[in-house]
Amino acid sequence: MSENIFDPHVKDIAWCPGCGNFPIRKIMLEMLQELELDPVNTVMVSGIGQAAKSPQYIQANYFNGLHGRALPPATAIKTANPELTVIVESGDGDMYGEGGNHFLHAIRRNPDITAVVHNNMIYGLTKGQASPTTSKGMKTPVQINGVFLEPFNPLAAAIALDASFVARVNALDQDNTKEIIKKAVQHKGFALVDVFQICVSFNKVNTAKWFKEHSYYLDEQHDTSDRSAAFSRAIEDEKLPLGIFYEQKDKPVFEESFPLYQKDKSPLFQRILNKEALEKIAAEKTE
Amino acid sequence: MSENIFDPHVKDIAWCPGCGNFPIRKIMLEMLQELELDPVNTVMVSGIGQAAKSPQYIQANYFNGLHGRALPPATAIKTANPELTVIVESGDGDMYGEGGNHFLHAIRRNPDITAVVHNNMIYGLTKGQASPTTSKGMKTPVQINGVFLEPFNPLAAAIALDASFVARVNALDQDNTKEIIKKAVQHKGFALVDVFQICVSFNKVNTAKWFKEHSYYLDEQHDTSDRSAAFSRAIEDEKLPLGIFYEQKDKPVFEESFPLYQKDKSPLFQRILNKEALEKIAAEKTE
Amino acid sequence: MSRKKIAEEISIVFSGAAGQGIQSIEMILTKLLKREGYHVFSTKEFMSRIRGGINSTSLRVSSGRVNAPMEKADLFLPLIQDTTLHLQDKITEHTVIIGEQEVVQFDDMVDIPFSEIAKRCGNKIYSSSVAVGVIAGILDVSDSTIEKTFTTHFKGKDDKIIQENIQAAKEGIKESAKIQEYLEVVIEKDASVQDEMLISGTEAVAMGAVAANVRYVASYPMSPATGVLVKLAGWSEQTDCIIEQVEDEITAVNMALGAWYAGARAFVTTSGGGLALMSEGISLSGITEIPFVVHVAQRPGPGTGLPTRTEQGDLHLVLYSGHGDFPRIIYAPGTVEEAFYLTNQAFDLADKFQVPVFILTDQYFVDSLCNTPVWDLDKTVAKHHFTETAQDYKRYAITESGVSPRGIPGFGKGVVKVDSDEHDEEGLITENLNETRKAMVEKRFFRKFNSVRKEVIEPDCFGNKDNELLVLSWGSTGNAVKHAFQLLESPPAGMHFSQVWPLPENIEDILSRYKRIAVVENNASAQFATLLKGYAGVPVTHNIVKFTGLPFSQEEIAREIQSIQ
Amino acid sequence: MSRKKIAEEISIVFSGAAGQGIQSIEMILTKLLKREGYHVFSTKEFMSRIRGGINSTSLRVSSGRVNAPMEKADLFLPLIQDTTLHLQDKITEHTVIIGEQEVVQFDDMVDIPFSEIAKRCGNKIYSSSVAVGVIAGILDVSDSTIEKTFTTHFKGKDDKIIQENIQAAKEGIKESAKIQEYLEVVIEKDASVQDEMLISGTEAVAMGAVAANVRYVASYPMSPATGVLVKLAGWSEQTDCIIEQVEDEITAVNMALGAWYAGARAFVTTSGGGLALMSEGISLSGITEIPFVVHVAQRPGPGTGLPTRTEQGDLHLVLYSGHGDFPRIIYAPGTVEEAFYLTNQAFDLADKFQVPVFILTDQYFVDSLCNTPVWDLDKTVAKHHFTETAQDYKRYAITESGVSPRGIPGFGKGVVKVDSDEHDEEGLITENLNETRKAMVEKRFFRKFNSVRKEVIEPDCFGNKDNELLVLSWGSTGNAVKHAFQLLESPPAGMHFSQVWPLPENIEDILSRYKRIAVVENNASAQFATLLKGYAGVPVTHNIVKFTGLPFSQEEIAREIQSIQ
Ligand SMILES: Cc1ncc(C[n+]2csc(CCOP(=O)(O)OP(=O)(O)O)c2C)c(N)n1
Ligand SMILES: Cc1ncc(C[n+]2csc(CCOP(=O)(O)OP(=O)(O)O)c2C)c(N)n1
Ligand code: SF4
Ligand code: SF4
Ligand SMILES: [Mg+2]
Ligand SMILES: [Mg+2]
């Protein structure tokens with residue numbers, strides 16, 4: 001395969017040896033190349049955490065913002081310039097904890113962006129506290145009696161919010177995962193891909209073996225256009241289904257809803273002041 | 001009926017004549033009295049908005065906090081003193097907009113509190129902008145081309161979060177509503193009651209007539225313990241079902257999960273410093 | 001009451017419950033009087049509710065520009081009985097009270113049966129028009145002005161309704177004869193006013209943003225800042241501007257930064273509580289060097305406070321919101337003109353210096369209306385400061401000025417890496433402390449601060465410059481101080497700051513000439529005084545503060561100055 | 001290298017990658033040395049990653065209390081090669097470098113094959129124990145101390161493993177002979193140290209909270225503040241304290257206020273970015289007069305900045321977070337003792353005055369360890385200040401002191417109404433501006449501020465009080481300044497502030513004695529200096545600032561002082 005232009009050939013990657021972020025990075029680099037995207041027109045957006053360091057290791061534009069706050073700038077970037085491909089990569093704590101409210105409302109907006117959530121079911125960077133997706137009962141230095149809270153089910157929540165593309169994958173199953181992320185990026189609208197990721201340093205419960213044993217792929221019979229069915233699959237909890245749960249192909253997207261793009265497709269940065277409009281507003285005030 | 005001790009007989013209520021908050025207030029006052037609660041052990045918690053003024057007009061303890069932030073203090077109050085009855089009353093903007101992240105995570109905690117959301121599908125106090133539940137297409141001074149975003153479906157979201165009690169009622173159907181809110185308050189765990197409320201000043205779409213025509217009661221056949229079924233009913237959108245959608249009777253509650261209450265039920269304010277514990281910690285440091 | 005001659009200026013106060021129509025009286029009357037050639041200024045105070053309660057609007061009609069609150073009313077027109085004595089201060093023995101005796105009771109008042117007259121003209125709800133007519137009559141407004149104004153104001157309504165309203169106003173003019181018994185009003189008209197705009201603080205800010213080519217507004221409603229959002233939304237079809245009402249204020253700032261990053265000029269409008277929530281995001285602007293412009297319309301805090309009232313209590317919040325050290329710019333307009341041009345400039349400097357810029361107004365300011373000359377668009381700027389990137393583009397190139405050329409994604413051959421972690425020139429996370437961290441702070445904070453300081457707006461000086469007493473003001477209190485000076489026999493020196501941060505480099509020199517300095521501000525803790533002491537090293541000898549939620553009136557300030565003169 | 005006699009004190013630096021074991025070397029070694037009767041102080045700096053990179057721990061072992069960072073290392077023990085020259089400054093020509101030649105290369109070094117020795121004792125991972133042994137050998141630590149320390153340290157582990165580690169340490173002692181060629185170490189031991197505690201800044205804060213009867217911790221993890229959460233969680237079964245990791249920092253503050261409202265003492269720990277998010281909630285504490293206590297462990301900003309580094313850059317943020325005016329208290333401990341007692345007092349004063357109280361530390365401070373005398377619990381307080389309510393209880397009764405008796409729900413016959421809107425005495429929303437609003441601001445802000453001010457902690461004075469130069473410090477830099485004075489021939493006057501807000505009433509008097517004032521602080525903008533100027537009206541003539549993300553060393557401060565003396 002030819003040289004991947006998205007690979008900046010970083011010397012020192014700040015993840016632990018064996019971390020599940022490495023296979024995700026590999027998938028993302030290949031995906032970007034195979035979709036023939038252009039680094040100059042691709043923007044990676046992230047919050048803060050181990051997963052959120054991902055854009056540091058991809059040669060493209062990036063906006064490495066605040067913990068929990070990846071979705072608002074991602075939405076705005078896409079809205080300000082619909083010609084850009086905007087991909088969010090961040091952690092489970094980032095997206096479902098600190099960023100929970102943005103998760104709710106970004107889905108409602110349905111901008112044409114993709115959110116790849118590295119779900120290691122733990123707070124990695126801050127050294128192993130429970131995240132919203134940590135399994136009940138897992139003990140950590142803060143949850144000393146084991147996690148009590150119901151784990152957040154991002155798929156069920158996204159389906160409840162009528163997200164336009166909802167999928168779950170396992171980072172260690174690279175081929176399937178890459179194909180699904182490709183579809184997510186190609187999907188027009190907000191695409192959520194929750195990625196099972198191992199954290200070798202802090203999550204000793206949800207290991208590679210655990211993920212393998214506790215997951216299976218949705219089969220052909222699953223109708224991805226059936227919201228109720230998708231929901232029922234999403235709340236399965238003995239074995240966790242992988243694949244595309246729910247997909248709406250024609251859901252209107254946020255940035256296209258604005259009349260200014262219906263008149264003219266050019267990105268906002270290319271537009272200059274419309275003096276007449278201002279003069280007209282001022283003139284009305286003299287009446 | 002005897003004098004209602006929860007009624008402070010306020011002279012001037014700051015709601016518009018004809019506002020749907022009045023019938024809700026009536027229901028709440030009667031409900032509190034009929035459940036034989038004691039004002040001294042009842043705490044009303046709210047954020048900011050027209051709905052959030054409700055505690056001002058009820059003679060009980062109250063915590064009238066910040067816009068969007070009713071659930072964190074409510075959870076803490078219940079956790080610090082499980083002997084109190086804690087009821088949240090706030091608006092749709094407050095709970096599902098500004099407060100969205102707390103909504104997600106309060107449900108995950110499942111404290112034994114009740115959230116009564118006055119859902120007038122509009123921002124009342126700030127003069128009529130879209131709320132998360134505003135219907136698509138509704139025009140407002142800010143949404144001049146009509147609302148584009150998918151309305152937030154609080155029931156579907158709560159069921160996706162595996163809330164322990166999820167109901168919807170219509171404030172104008174006082175008797176049924178009162179009975180359901182009573183059940184919510186009596187339910188052990190987090191109870192969400194989304195209340196259809198008219199706003200005569202700013203919501204000219206979702207009128208009393210509209211609510212009546214667009215809703216019907218779930219019948220006996222609906223199995224409130226079936227999460228998938230509850231979800232399917234929650235996403236119905238031609239006619240909106242009313243009643244209890246989903247109920248889990250034995251879901252463990254947040255405040256009881258703490259070992260300290262397993263040892264001793266007394267509220268935290270009654271506990272004095274355990275000097276020995278501190279001395280022991282200090283002694284370990286001398287080792 | 002004895003007959004009083006009113007020359008130069010008249011002050012009129014309307015009061016009523018929310019929803020009773022004093023807002024529409026204000027709107028028509030100000031238009032009408034401006035069209036007639038009067039200078040007008042109107043300001044309102046109202047409760048945080050949609051219906052009921054008691055609100056008021058105060059109007060000054062004058063032969064010259066008089067844009068400041070006044071304490072006393074020459075005319076008082078209550079639509080309901082004010083049982084709370086809310087407006088007691090406005091009424092003196094000289095105040096002429098006009099009202100409908102069936103509704104309001106005063107010992108000595110002119111009874112005008114508004115509703116009855118209105119009903120006669122076709123509908124009880126025309127009583128606002130009758131009231132408008134009464135004032136128009138006192139002020140000698142021509143029938144043609146009445147007709148024109150009502151016709152444009154009610155544009156789109158049924159012609160019958162318009163005519164009936166005009167009729168109601170004309171009946172009001174007739175009734176005004178009753179008032180002439182008490183008042184003789186002779187105010188000179190000024191034809192040049194007719195071509196001026198009638199503008200609120202809200203509109204001035206919103207138009208300044210439009211003049212800056214604003215293309216993205218992300219905001220959450222919050223009084224008293226919502227007006228700017230509503231105005232920009234209302235114009236958005238003409239201005240091709242994206243308007244997004246977001247889920248919370250954290251989203252607002254983070255979206256705005258995303259939009260600026262992608263090359264669109266973004267704007268946020270909020271009040272203190274909302275800004276408090278943006279604190280972390282403002283710090284993100286600081287480290288990423290992404291421009292940010294926010295309008296903060298202050299209201300009294302802490303907490304929810306008094307949502308519809310006024311205060312200048314968020315200066316410290318705005319100056320220090322966000323963790324860590326980074327430069328910022330704070331404008332505090334005192335007139336609608338300043339609001340327009342400074343908002344416009346806010347975008348230019350935010351873009352040029354890649355810093356957060358704050359426009360600090362308050363409820364009193366945004367909700368006041370006055371006439372002002374049509375903006376001179378030649379004095380505005382709307383030029384982008386970003387550059388086309390080369391392939392080896394580095395977002396945080398170390399430069400002498402502290403400003404690194406700002407690229408945007410998709411424009412040029414390079415990629416644009418912005419990072420909230422400390423970073424190297426390329427934008428990659430760094431842990432090189434002694435070199436990279438140090439160099440970045442020196443660039444981003446020290447050198448850039450000096451660059452920003454070069455474009456600071458000097459304070460506006462007035463009064464008697466040689467006096468040993470200097471009276472300072474900032475933001476919305478500026479005009480009230482200037483007007484107060486006119487009430488004083490021998491005014492001291494005056495200085496008004498429309499930019500409150502950074503302070504001018506020579507601030508110490510400027511201020512050290514004065515033996516005594518009094519700072520007038522609408523907050524309890526004398527925030528600007530503290531700022532001056534902390535950064536200019538000058539002793540402020542008098543704090544003239546007010547924190548009731550109401551603005552200073554000119555008389556109040558005059559009294560305060562007198563007491564220290 | 002020539003043989004050097006080390007008396008009184010030795011400084012030792014370990015470096016290695018994250019996960020390589022320098023943390024466990026630090027933990028065992030400090031315990032060991034304290035048990036042996038040495039004063040120990042250790043401080044660390046590390047990258048924001050879990051594995052890899054390069055981190056270091058600096059240890060001072062001394063005959064007296066020496067709790068401040070030192071620039072130079074007497075001994076340097078790298079576990080990996082430092083290619084980034086990160087620690088270059090620590091190494092002088094006198095530094096003895098100890099290492100495993102296979103791993104690290106220096107021109108002149110003592111080769112000790114740690115891994116080989118470790119392997120011989122049973123497992124390669126025992127090499128940390130070998131390293132511990134080497135230092136123990138140099139410092140003449142007895143075998144019994146080794147045995148005791150390892151046994152308690154590894155409590156719960158397999159006996160075989162413990163014995164093998166002890167063996168590894170003993171082998172290390174043997175190897176230390178090699179170092180004696182270069183160094184002669186004679187440091188007096190102090191038996192009283194043996195009974196002291198070995199405490200980090202983190203533990204001191206956490207224990208201060210425990211001593212205050214903390215019952216509710218609501219926090220979100222954030223370096224460097226997470227440690228306090230982890231400690232309190234670890235002890236929570238003994239202390240019967242509720243620990244809740246919340247979804248975000250906004251929840252933390254609002255939950256804490258709910259808990260305090262219901263009568264439980266609540267605590268929050270965070271860093272600058274998290275505090276920024278709490279800004280609105282802090283204002284809620286201000287208007288509702290609900291107590292609030294938050295620990296803010298500073299790190300360099302803006303934005304995410306340098307998550308694992310140190311800075312004193314959030315003073316302004318803490319002082320001004322929250323919109324509107326209300327009193328607050330800010331403590332900035334400079335020693336673990338201060339951290340313990342002040343955290344304890346923070347709860348008492350928050351409860352008594354019903355205000356937000358901040359404990360301002362930083363990464364350097366919380367991550368440093370030293371020995372300190374066991375706390376005197378008689379000097380702590382844990383008394384509630386709430387009252388039982390009567391039926392006509394009014395939450396916001398107007399009082400002379402500005403403090404209204406605080407009732408809590410369910411305790412007494414009354415109901416407790418708290419409101420973030422401006423309210424009357426009962427807690428009901430008010431729009432009465434001239435009376436109620438005014439009275440509430442006067443009570444809540446002015447009078448209460450005066451009450452708070454009566455309990456301000458005076459600065460700690462040292463050095464030559466009659467010198468014309470005063471060197472000021474606050475928070476974590478205090479000790480480094482004190483130690484710097486010992487390096488100076490003629491030290492100036494020194495003053496350390498462990499409370500930075502409010503300032504003492506007589507602050508101007510205290511400071512005006514000095515002709516020149518230098519403020520030492522770990523931030524770019526000289527925040528405390530600005531505060532002093534703004535509120536004490538004193539001219540600060542020198543800002544000694546550092547903003548690289550590393551703490552001041554005593555030598556650095558000494559040099560800076562010399563240059564202005
Ligand atoms: C406002 C704020 N709060 C807290 C933090 C500290 N913080 C950094 S990353 C992180 C959690 C990371 O967890 P996750 O998002 O799951 O990412 P992971 O490291 O597991 O990939 C936290 C709490 C922060 N940077 N900002
Ligand atoms: C942080 C913050 N942002 C915004 C506001 C302004 N605000 C007050 S109430 C409200 C919305 C009210 O809508 P909702 O919660 O639906 O209540 P309603 O008035 O409709 O009952 C807003 C935006 C505020 N008080 N605080
Ligand atoms: S801590 Fe976990 S998530 Fe972070 S780099 Fe290490 S293995 Fe990966
Ligand atoms: S604005 Fe709407 S919600 Fe508010 S009081 Fe009026 S009718 Fe009720
Ligand atoms: Mg994670
Ligand atoms: Mg509402």
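Residue numbering restarts at 1 for every chain, and letters A, B, ... go by the order of the sequence lines. No hydrogens, no waters, no symmetry mates; every other heavy atom, side chains included, goes into these values.
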For the [atom1] atom of [X] and the [atom2] atom of [Y], what is their distance to the nearest 0.5 Å?
X	Y	atom1	atom2	answer
R69(B)	L284(D)	CZ	CG	11.0 Å
S420(D)	N64(B)	OG	CG	5.5 Å
F411(D)	L84(B)	CZ	CG	13.0 Å
L273(B)	D240(D)	CG	CG	11.5 Å
I242(D)	L268(B)	CD1	CG	5.0 Å
E255(B)	E244(D)	CD	CD	11.5 Å

Open item on the list: Tell me if a side-chain donor or acceptor on Y62(B) pairs with a main-chain N or O of G427(D) at a distance below 3.5 Å.
Closed with: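 The answer is yes, because a donor-acceptor pair under 3.5 Å joins these two groups.
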TODO: Could you tell me whether a side-chain N or O of N61(B) sits under 3.5 Å from a main-chain N or O of V415(D), the two making a donor and an acceptor?
DONE: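 No; zero donor-acceptor contacts below 3.5 Å.
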Go through the atoms of [X] and report whether side chain, backbone, both or neither lie under 4.5 Å from a heavy atom of chain D.
X	value
A60(B)	backbone
K78(B)	neither
I48(B)	side chain

Side-chain heavy atoms of [X] within contact of [Y], under 4.5 Å:
X	Y	answer
K285(B)	V374(D)	no
T288(D)	F63(B)	no
I250(D)	H102(B)	yes
V10(B)	L428(D)	no
H105(B)	V246(D)	no

[X] versus chain B, heavy atoms under 4.5 Å apart: side chain, backbone, both or neither?
X	value
V214(D)	neither
K148(D)	neither
T152(D)	side chain
D195(D)	backbone
E237(D)	both

Task: Candidate pair N274(B) and Q238(D), rule side chain to side chain contact (heavy atoms under 4.5 Å, CB included), full reasoning - done: CA-CA 9 Å; N274(B) 178 347; Q238(D) 292 147 265; over 6 Å; no
TODO: May I ask you to name which of K417(D), M197(D), H423(D), R35(D) has the most heavy-atom pairs under 4.5 Å with chain B?
DONE: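 Option with the greatest count: K417(D).
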- [ ] Grab the two heavy atoms, one from P409(D) and one from V43(B), that are nearest each other, plus how far apart they are.
- [x]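 Result for this residue pair: CB-CG2, 3.9 Å.
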Open item on the list: Does this structure show an ion pair linking R108(B) with E247(D), if we count only N-O contacts that are shorter than 4.0 Å?
Closed with: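 Answer for the salt bridge query: no.
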Task: Verdict with supporting geometry, T239(D) and I281(B), side chain to side chain contact (heavy atoms under 4.5 Å, CB included) - done: CA-CA 10 Å; T239(D) 56; I281(B) 294 166; 4.1 Å; yes
